[in-house]
Amino acid sequence: MKNEELDQILNQSFKAEPQYKLSFDFARKLSFSVVRREQWKTDMREYLLIAAVIAGLVGLVAGFYFFVDKQTSLSVFKFISTNWIQVLLVILLLNFILFADRVLLRLLFNRWNRG
């Protein structure tokens with residue numbers, strides 16, 4: 001498309017009245033949706049960072065404790081391997097509590113205060 005044709009289309013579009021009307025609070029709704037989306041991304045990033053730091057620290061402490069006292073570490077590993085379902089449920093519960101605290105409650109609180 002040439003520049004002259006584009007100029008004609010733009011001039012014609014500015015002369016005509018638009019066929020639709022935006023609501024008076026369109027800008028507020030749009031800004032709330034953008035802020036909510038960015039807040040969700042930020043909250044998820046923060047949750048994943050905290051979960052990774054906690055997992056890394058637990059791994060570091062477990063590795064250090066294994067280096068210091070192998071017998072106790074092996075008995076802890078035996079306990080975890082025999083009761084893996086209970087240990088997994090506790091880990092998932094703690095992970096959900098962290099997720100709810102860092103992501104879900106902020107999302108719900110922002111939706112309730114939006115109005």
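Bear in mind that the values here come from a model prediction, so they are computed numbers and not experimental data.
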Go through the steps to decide whether L104 and F96 satisfy the test side chain to side chain contact (heavy atoms under 4.5 Å, CB included), and finish with yes or no. CA-CA 10 Å; L104 293 180; F96 176 73; 4.2 Å; yes
State the CG-CG distance between L88 and N83, to the nearest 0.5 angstrom. 12.0 Å
Residue pairs meeting ring-ring contact (aromatic ring centres under 6.0 Å, His included), one or both in residues 60-94, sequence neighbours left out, come to none
Is K78 close to L74 at the side-chain level, that is, under 4.5 Å between some pair of heavy atoms? no
Side-chain heavy atoms nearer than 4.5 Å, only ILVMFWY residues, links allowed to pass through others: does that put V87 and V90 together? no
Kindly give the heavy-atom pair with the smallest separation between V103 and D43, and that separation in Å. CG2-O, 3.6 Å
Rounded to the nearest 0.5 Å, what separation is found between the CD1 atom of I97 and the CG atom of L92? 11.5 Å
What residues, two or more places apart in sequence or in another chain, satisfy side chain to side chain donor-acceptor pair (under 3.5 Å) together with D7? none
So, do L98 and L94 sit near enough that their side-chain heavy atoms are less than 4.5 Å apart? no
Tell me every residue that passes side chain to side chain donor-acceptor pair (under 3.5 Å) with D101, counting only those two or more places apart in sequence or in another chain. none
Rounded to the nearest 0.5 Å, what's the gap from CE on M44 to CZ on R106? Could you check? 12.5 Å
I need the L10 CG to E5 CD distance, nearest 0.5 Å. 12.0 Å
Please round to the nearest 0.5 Å and tell me the distance separating atom CG of L48 and atom CZ of F99. 9.0 Å
